[in-house]
Amino acid sequence: MPFIPHTSEDIKQMLATINVVNIQQLFDEIPKDLLTADLSSLPLGVTEMELMREMRECANQDAGLQCFIGAGAYEHHIPAAVWDIVGRGEFMTAYTPYQAEASQGTLQLLYEYQTMMARLMDLNVSNASLYDGASALAEAILMAVRIQRKHQSHRVLIPRTLHPYYRQVIHAIVSQQNIELIEIAFNEKTGRTDQKALAAFDKQEITALVIPQPNFFGVIEEVDLLTDWAKTQNAIAVAVVNPLAMALLKPPGQWGKTGVDIACGEGQPLGVPLSSGGPYYGFLTCKKEHVRQLPGRIIGRTVDAEGKQGFVLTLQAREQHIRRAKATSNICTNQGLLVTASTIYMSLLGPEGLRQVALASHHQLRLLKEKVAQLADVKILFSSPCFHECVLQFKTPVKKILQALATYRIQGGFNLQPVYPELGECLLVCVTETKTSEDLEQFVRRLREAVSAVREVCV
Amino acid sequence: MPFIPHTSEDIKQMLATINVVNIQQLFDEIPKDLLTADLSSLPLGVTEMELMREMRECANQDAGLQCFIGAGAYEHHIPAAVWDIVGRGEFMTAYTPYQAEASQGTLQLLYEYQTMMARLMDLNVSNASLYDGASALAEAILMAVRIQRKHQSHRVLIPRTLHPYYRQVIHAIVSQQNIELIEIAFNEKTGRTDQKALAAFDKQEITALVIPQPNFFGVIEEVDLLTDWAKTQNAIAVAVVNPLAMALLKPPGQWGKTGVDIACGEGQPLGVPLSSGGPYYGFLTCKKEHVRQLPGRIIGRTVDAEGKQGFVLTLQAREQHIRRAKATSNICTNQGLLVTASTIYMSLLGPEGLRQVALASHHQLRLLKEKVAQLADVKILFSSPCFHECVLQFKTPVKKILQALATYRIQGGFNLQPVYPELGECLLVCVTETKTSEDLEQFVRRLREAVSAVREVCV
Amino acid sequence: MTQLIFELSQQHRRAASQIPAANYDCSDIPAEFLRKTLPRLPEVSELDVVRHFTQLSQRNFSIDTHFYPLGSCTMKYNPRGVHRMAMLEGFLQHHPLSLEVHSQGFMACAYELQEMLKAVTGMRAVSLTPMAGAQGEFAGVAMIRAYHRARADHARDEILVPDAAHGTNPASAVQCGFKVREIATGSDGNMDIDALRAAVGPHTAGIMLTNPSTLGVFEQKIREMSKIIHAAGGLLYYDGANLNAILGKVRPGDMGFDVMHINLHKTFATPHGGGGPGGGPVAVGERLVPFLPVPMVQKTADGFRWLTETDCPETIGRLSTFMGNAGIILRAYFYARLLGREGLHRVAEFATLNANYLLAKLTAAGFTPAYVTRRASHEFIITLKNEAKTFHITALDVAKRLLDYGFHAPTMYFPLLIPECLLIEPTETESKQTLDAFADVLIKIMQEAKTNPALLQTAPHTLPVKRLDDVKAARELDLVYIQ
Amino acid sequence: MTQLIFELSQQHRRAASQIPAANYDCSDIPAEFLRKTLPRLPEVSELDVVRHFTQLSQRNFSIDTHFYPLGSCTMKYNPRGVHRMAMLEGFLQHHPLSLEVHSQGFMACAYELQEMLKAVTGMRAVSLTPMAGAQGEFAGVAMIRAYHRARADHARDEILVPDAAHGTNPASAVQCGFKVREIATGSDGNMDIDALRAAVGPHTAGIMLTNPSTLGVFEQKIREMSKIIHAAGGLLYYDGANLNAILGKVRPGDMGFDVMHINLHKTFATPHGGGGPGGGPVAVGERLVPFLPVPMVQKTADGFRWLTETDCPETIGRLSTFMGNAGIILRAYFYARLLGREGLHRVAEFATLNANYLLAKLTAAGFTPAYVTRRASHEFIITLKNEAKTFHITALDVAKRLLDYGFHAPTMYFPLLIPECLLIEPTETESKQTLDAFADVLIKIMQEAKTNPALLQTAPHTLPVKRLDDVKAARELDLVYIQ
Ligand SMILES: Cc1ncc(COP(=O)(O)O)c(C=O)c1O
Ligand SMILES: Cc1ncc(COP(=O)(O)O)c(C=O)c1O
């Protein structure tokens, strides 16, 4: 019996102790007509050896590709030490640290994480994780709504340069609560949020303005202007950033004259593998004055009975298991193990390492842009500086180009056509520090071939 | 500076403390004309990311093959738990447990290993590992020589059915010490050690007889007869066995009327990956009366100052670091981590699991033999029962057949031609529990194709 | 040893093997957008990092090191092989936005898990995207809301929950815009049916239940309750946290539930990671199928494809950027495959055997079960209210003292309605010998309570820290390290 | 917690996921060859195994958890990335007898390591097969023997070793059939040259040395010694255990050595695994090239090929079944690549800096260095003979007390000629801050020796066990568990 240790002798003795004749009798309080489960449609159990082999073959189907897709999930080198330590049973197989004295390892690590993330964002406090970047933004908006609870109605401005899936997620989550999400257009030249579109809301009651950096197109937004606009409106400024980029770009705590109120985003770039989209984690940081509206678990440093430093879950009165219906969020299980990975990753890379990874990614993207600029029938869409992604525009269907690249085992990027039809046939391409100059050359060579192959078919 | 933590501030302070002006000064006792090293021919350092990518590509060259080679190194399924635990820093990055109180983990594990190995062999004691199977056999022979120190000269009988590389290794090691190794022929029908060849030594002074089980051809030797013959000669009976096979076959402690004196072999089948041939480990077990001649480290159970159970390295007076020139062996660093793997492997598999793995391997080999028996131009060479390897004889060069199989990414077996030219064109094939019936069918189909392809070329 | 990583930091120290070395240019980015000073992350060596975090890890209890009978959390063995499979390169390096042709491996696994979850729940369809139980609850309640709206039934603004419910239930309902009404529990641990009847009406959107309940007993009148709710026009939500108790025996769909979540990190043995990640797939009956969150995986003649908003126009939408905790989905699938149809129902059987055995032993030793007349499900509650009064100790004291003996404490003070309670869930993967040792220690601790209560009141004594000051932590907030 | 795995065993318990399930037949094997009863291995569950061995691991000091200044052992950081690379499937599942076309990946790495080792040693050729230092010594001395024999110089039956030499040196010489003569050390830590002159002769096959010596100082007259030995017709063996001290600075080949081994598990950072595995490649000068052990890797225009007995008819032969500890060879190669030419010589520089810094600190604090006038190499010796007399403590007591403070003890009582000595080797991967903390603790322990020597004499106090009884262990042998 896989994972069940009972011998028949054990079972005999246990049944005798309980004073029943068989295990079935233990279910005698359940109405008979409910004992109807039927698993006969499921496969028989297999051994680890058999399944490992099957899954090796299964996984191999999707392996061995060069990846130029970004769009919210980024391939970076993860030092071996990170997951070697994360995978240690003591981290991996512990529950939430409810018994603080028996969980000082996890708790201290989370305290260290909170400190690192607050410093990276240049804000005062951080929680211990939310589900992912998109849901963290939804929680940030709900948080802004709670901070602005005196507002008559809740209108939140969302730039169209925000990741389209983030927009879908926040819609699914916050629209249950009578919050209006208003889309802000972007400038078609720069790919940045249009200041003029914002001006339409001057002097109106706005609960919050969401500010992505870099935005979905990889473009660097004018975050100072946006933040200052929000602050003059008394709107909460909510930054949603790539945390790795913050080693290079100005952090949210320094945007505009005052810095933002809340910064959140996807933690995946910091040591978390792509893994088909998850588990990742959402981070959420804010100014000190908002800490009691911060959702999710928070770790605090305290002392033990002898005055020795120790760590506990704190401010639990915000949480569902104490406050129930009045909690700041329903979140319980979070993404602790991924935060463990990020904490180790950030420690290994350090300030300079993180900056170098960001710089290398940026630099390699520039190299790619230079090479692509020489291709016929491919246009680099926006004029603004980018972090490590950019938009390429084609004259033929992106879908076909991607299929052509796939034959060379290259994943060419994310097809923007379905989500931004107004841009025509566009591709979002990402380059990180994992790509060498030869990789880029190979990519551009294949892209040229793909473009001309598709052109021939389409003409 | 990879793996060197010193900041320039640290270096400054340290030099000041030592009272030197620079690091170079610390080498001032070395004659200048010796400071000649020149590393300019070596490549520049690379980052983990760069090297990981290069090595991934390097390793991939040799990956993705179906392996039917055995010949002393066997592919078995290793449960994931084994190396997850072996790889824990506390096991992997500890030194030899010289400070017992700070090494109870390793020491207790080794004591458990000794117990398991002694039980598997049905002998009384075990050491804590030697380098590998072949060198363990050399040590076993030297041990026999020490036990028989009253003998005039030392003659050791070595069956030709012993692994040819083992024969080479023991020759390289023990021949330095005036020990004569005498080869014993095998019966060409059965593939077993020829009792008649042994009879030639009846009543002579023989130091030891080596008895392989199964032998290099995969054939099950008549170990009872061989052991009894050795005992009547007053020769030390040295078993060299596949430890996994001992879950199915009679263990050395039960061979003949008295059991053998010494049993040794290659530990690799018990949870150690193929890894291009190493690191593996040699095991060595013996009867109680020979314990003081046992080379290598031995762990003993004792008590601490409060009477609590604990473990230490014991009988160190046998070892080189105490006894120096008079030690039982020069071995110091052994193969501790591999024994760690085996201990976990044996614990996970348990008595029945180990037996099932052995049985499955045997059973799948039988299946293969049945299928091969139907092929034209392929003969199953020996009539005796085999464990999980057997010899196939061809009419065309094995070398060519292996090359043909390689085009299907099949590693067909070990070519016996160079080491047993007397057998003609022979191939040693191995099947373990990792091979499914479909694998076998595929192998036989490809073998048929290979045989006929080679025949056409050769005809 | 308890130094913070920041205290190890030395200016300019670094792990050079991890840092791209070249001199990169970012002159194309105007200075106003750039960070002026480096973020104050720790500056340490690779050895510092490995040593620090390895040492930290050792300051944790975990399944891999300790018995962990944390009620409601199903802390069972997390098979190592499952973890290894999820770490296979083809899964680990797979981008979520890869073309479908480059995603067939992952999608096959996800699809098969969908099918398996349908079979064990008795539901019509499954979406795997919710990232934990609470998000599954949110998705479920959002579907209930969408259902009523689709029928233009706008008056239904109330969700019922038992008073014993887990805090996520009311919190999720509120996050979906509902009011919450609590229903009392009867003295036998079943819900008070009269209270339920009194509560339902045209404002009832639905009820959230778990069965067996958080009280560790099977809600026997579940069919009747389902009739009452359905008759009132409401729907039934099943909180799958306790699915381990009935896996392969009873199907929520057959009990009358319309929607549920499954905690993969409980029933399906994915490791809890010191707080997460988990997985909270939702399963629904016929009526709610159109509203399931996207994406889901569909099987076609040409392979697997994603179902998105375009295919499911009535979906409540997308709950995560991509498709939820994909790696957890893989792990749950592998676990289910290892167990297979003959293994899955044994989970419930042996989890129940273990709970009832431990309950019987403790009862025989004089402990007070919360519900004397009832069978335990996969977990059970003992109340220490008598001991608390007599010896001036609390359930918390007992919990802390257990840590000294190398056992993780059971869940304390939940559900709230049982005073001084411990909710004990041994799970099926623990042996009789471990349960015996645990019972022996609990009995010994009661002995200590009698002879030396201070030993409990000041516990733990053998851990890296003594009892921690929660009050100070909340009053004098210290949430980030200030140098 | 200290239960043996056998004590956890319950008849018929098993880890079912690991056991092939089918009913297999072995009726073709006559019963006389079959095992009659199952071997009495532990019968435990997968969780039992994971928990037991995880707990055991926590009862160890290691580099990943503790500073480990074990002299002569070079306990430096073992990079995790190196381990990960060696575990790549193409390396891990590669059969040693694969065809050469299926072995090019591994062979490329082995070949390049051969080349790198040639460069750092200043030797002409390298064989990677010896599986540890001691086997390297055996191979080296066997080559010396083969060399003399090839010249029909049969009188040479003696190998010289310094009295400070590691025990493996004399043991290896004996295993090669030589007699061993010890040469005394002078008061400055250099070998007594007159004693050496007196000892050499036509019976001298060679000498085994390490430089810097096991006394932690550089043998300054090495050129002169080499002349003496060579003039007498003998050869010089270099024990590479201390190569870390001179890596990239001094080459043994240039000092006059004819043959040497390299401890990959020391200088090249492969993890020591609680006792092994290691790697002991041998490098030789011109004269010994024909005798190198096989197999080696050769580079040809068509790729890499194995050199075996056929190619090297004078080889001393094969020392391991296949090609030695291949996985360790890979790890050493990866490590060398990460460091590169600019990193390898820094190893010696910073190992030397650390040793001299710690020596300076300890000397300033009143400790007695074994050789006051000498620079430390990568390690150094302090002698506690004064403290031992004054406070009635021993080097052992100090070592055990260090464990209480979370530091692994230095090597004790080696070399034998220095009384009450500690041989301290910090390695280059430890930081100044760690060395400072270690020095502070040693100073504190000396304070304790003054005020409360019992604290040392009965140490350790904070580990899972108190001081263990070695005498009982050796007298009342308990080497396997008897139920
Ligand atoms: C009864 C019950 N319901 C719901 C939940 C919430 O699940 P999750 O933590 O996965 O969000 C839990 C988990 O603690 C629970 O025990
Ligand atoms: C000076 C010296 N020589 C030789 C050896 C033997 O090396 P190994 O343990 O690798 O056999 C050692 C190792 O302890 C040593 O320190």
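A note on names: the letters A, B, ... follow the listed sequences, proteins ahead of strands, and every chain is numbered from 1. Reckoned from all heavy atoms, side chains included, excluding hydrogens, waters and symmetry mates.
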Under a 4.5 Å cutoff for heavy-atom pairs, which residue among D:Arg374, D:Met87, D:His265, D:Glu309 has the most contacts with chain B? D:Arg374
As an exercise, state the distance from CG of B:Leu109 to CZ of D:Arg59, rounded to the nearest 0.5 Å. 12.0 Å
Chain B contact via D:Arg13 - which portion, at a heavy-atom distance below 4.5 Å: neither
Given the rule in the side chain to side chain contact (heavy atoms under 4.5 Å, CB included) test, do B:Met55 and D:Phe334 qualify, once you have shown the distances and angles that lead to the verdict? CA-CA 9 Å; B:Met55 287 307 127; D:Phe334 302 151; 3.4 Å; yes
When heavy-atom pairs shorter than 4.5 Å are enumerated against chain B, which of D:Val44, D:Val180, D:Thr352 gives the highest number? D:Thr352
Check the pair B:Asp132 / D:Thr321 against side chain to side chain donor-acceptor pair (under 3.5 Å), numbers first and verdict last. CA-CA 7 Å; B:Asp132 75 348; D:Thr321 318; 3.1 Å; yes
Answer yes when B:Arg366 and D:Asp25 have at least one side-chain N-carboxylate O distance shorter than 4.0 Å, and no when they do not. yes
Is it the case that the side chain of B:Thr93 and the backbone of D:Ile63 share a donor-acceptor pair, with hydrogens and angles ignored and the cut-off at 3.5 Å? yes
Relative to D:Tyr481, does B:Arg119 satisfy both conditions: NZ or CZ under 6.0 angstrom from the six-membered ring centre, and within 45 degrees of the ring's axis? no
Is it the backbone or the side chain of B:His163 that comes under 4.5 Å from a heavy atom of chain D, or both, or neither? side chain
Atom group of B:Ala406 that falls short of 4.5 Å from chain D, counting heavy atoms: both
Between B:Arg323 and chain D, with a heavy-atom cut-off of 4.5 Å, which part of the residue counts as in contact: side chain, backbone, both or neither? neither
Where on B:Ile173 is there a heavy atom nearer than 4.5 Å to chain D: the side chain, the backbone, both, or neither? both
Test side chain to side chain donor-acceptor pair (under 3.5 Å) on D:Asn325 and B:Gln335; report intermediate values, then the result. CA-CA 10 Å; D:Asn325 286 339; B:Gln335 309 283 118; 3.2 Å; yes
Segment of B:Asp224 engaging chain D (4.5 angstrom heavy-atom cut-off): side chain
With side chain to side chain donor-acceptor pair (under 3.5 Å) as the criterion, how do D:His52 and B:Glu112 come out once you've worked through the C-alpha distance, each side chain's angles and the decisive distance to 0.1 Å? CA-CA 12 Å; D:His52 177 73; B:Glu112 293 177 353; 2.9 Å; yes
Most contact-rich option vs chain D, by heavy-atom pairs under 4.5 angstrom, among B:Ala327, B:Ala118, B:Ala305, B:Gly64, is B:Ala305
Any idea which heavy atoms bring D:Ala119 and B:Ser41 closest together, and the distance? CB-OG, 3.9 Å
Strictly below 4.0 Å, N to O, side chains only: are B:Glu101 and D:Lys400 in salt-bridge contact? yes
Could you walk me through whether B:Leu248 and D:Arg35 pass the side chain to side chain contact (heavy atoms under 4.5 Å, CB included) test, one step at a time? CA-CA 5 Å; B:Leu248 176 63; D:Arg35 185 165 193 133; 6.0 Å; no
For D:His272 and B:Tyr95, take the angle between the two ring planes, folded into 0 to 90°, and tell me which bin it lands in: parallel under 30, tilted 30 to 60, perpendicular over 60. parallel
Honestly, the part of D:Pro460 sitting under 4.5 Å from a heavy atom of chain B is side chain
Give a yes or no on whether a salt bridge exists between B:Asp10 and D:Lys432, defined as a side-chain N under 4.0 angstrom from a carboxylate O. no
Test B:Leu35 against D:Val250 for side chain to side chain contact (heavy atoms under 4.5 Å, CB included), laying out the working first. CA-CA 5 Å; B:Leu35 288 162; D:Val250 179; 3.7 Å; yes
Please determine if D:Lys249 forms a cation-pi arrangement with B:Phe27, meaning its NZ or CZ atom is less than 6.0 Å from the six-membered ring centre and no more than 45° off the ring axis. yes
Within this structure, what is the CD-CD distance for the pair D:Gln58 and B:Gln104, rounded to the nearest 0.5 Å? 14.5 Å
So which of D:Met75, D:Glu89, D:Met323 has the largest heavy-atom pair count under 4.5 angstrom toward chain B? D:Met75
Below 4.0 angstrom, N of the basic side chain to O of the carboxylate: do D:Arg375 and B:Asp28 qualify? yes
So, do D:Ser103 and B:Gln61 sit near enough that their side-chain heavy atoms are less than 4.5 Å apart? no
Can you tell me how the ring of B:Tyr165 sits relative to the ring of D:Phe322, calling it parallel under 30°, perpendicular over 60° and tilted otherwise? perpendicular
So what's closer than 4.5 Å to chain B heavy atoms on D:Arg40: side chain, backbone, both or neither? both
Identify whether the distance between the nearest side-chain nitrogen and carboxylate oxygen of D:Glu32 and B:Lys250 falls below 4.0 Å. no
For the residue pair D:Glu43 and B:Pro351, establish whether any side-chain heavy-atom pair is separated by less than 4.5 Å. yes
Contacting moiety of B:Thr314, where chain D heavy atoms sit under 4.5 Å: side chain
Closest heavy-atom pair and its distance - B:Asp304, D:Lys466: OD2-N, 2.8 Å
Would you kindly say whether B:Gln168 and D:Arg318 are connected by a side-chain donor-acceptor distance under 3.5 Å? yes
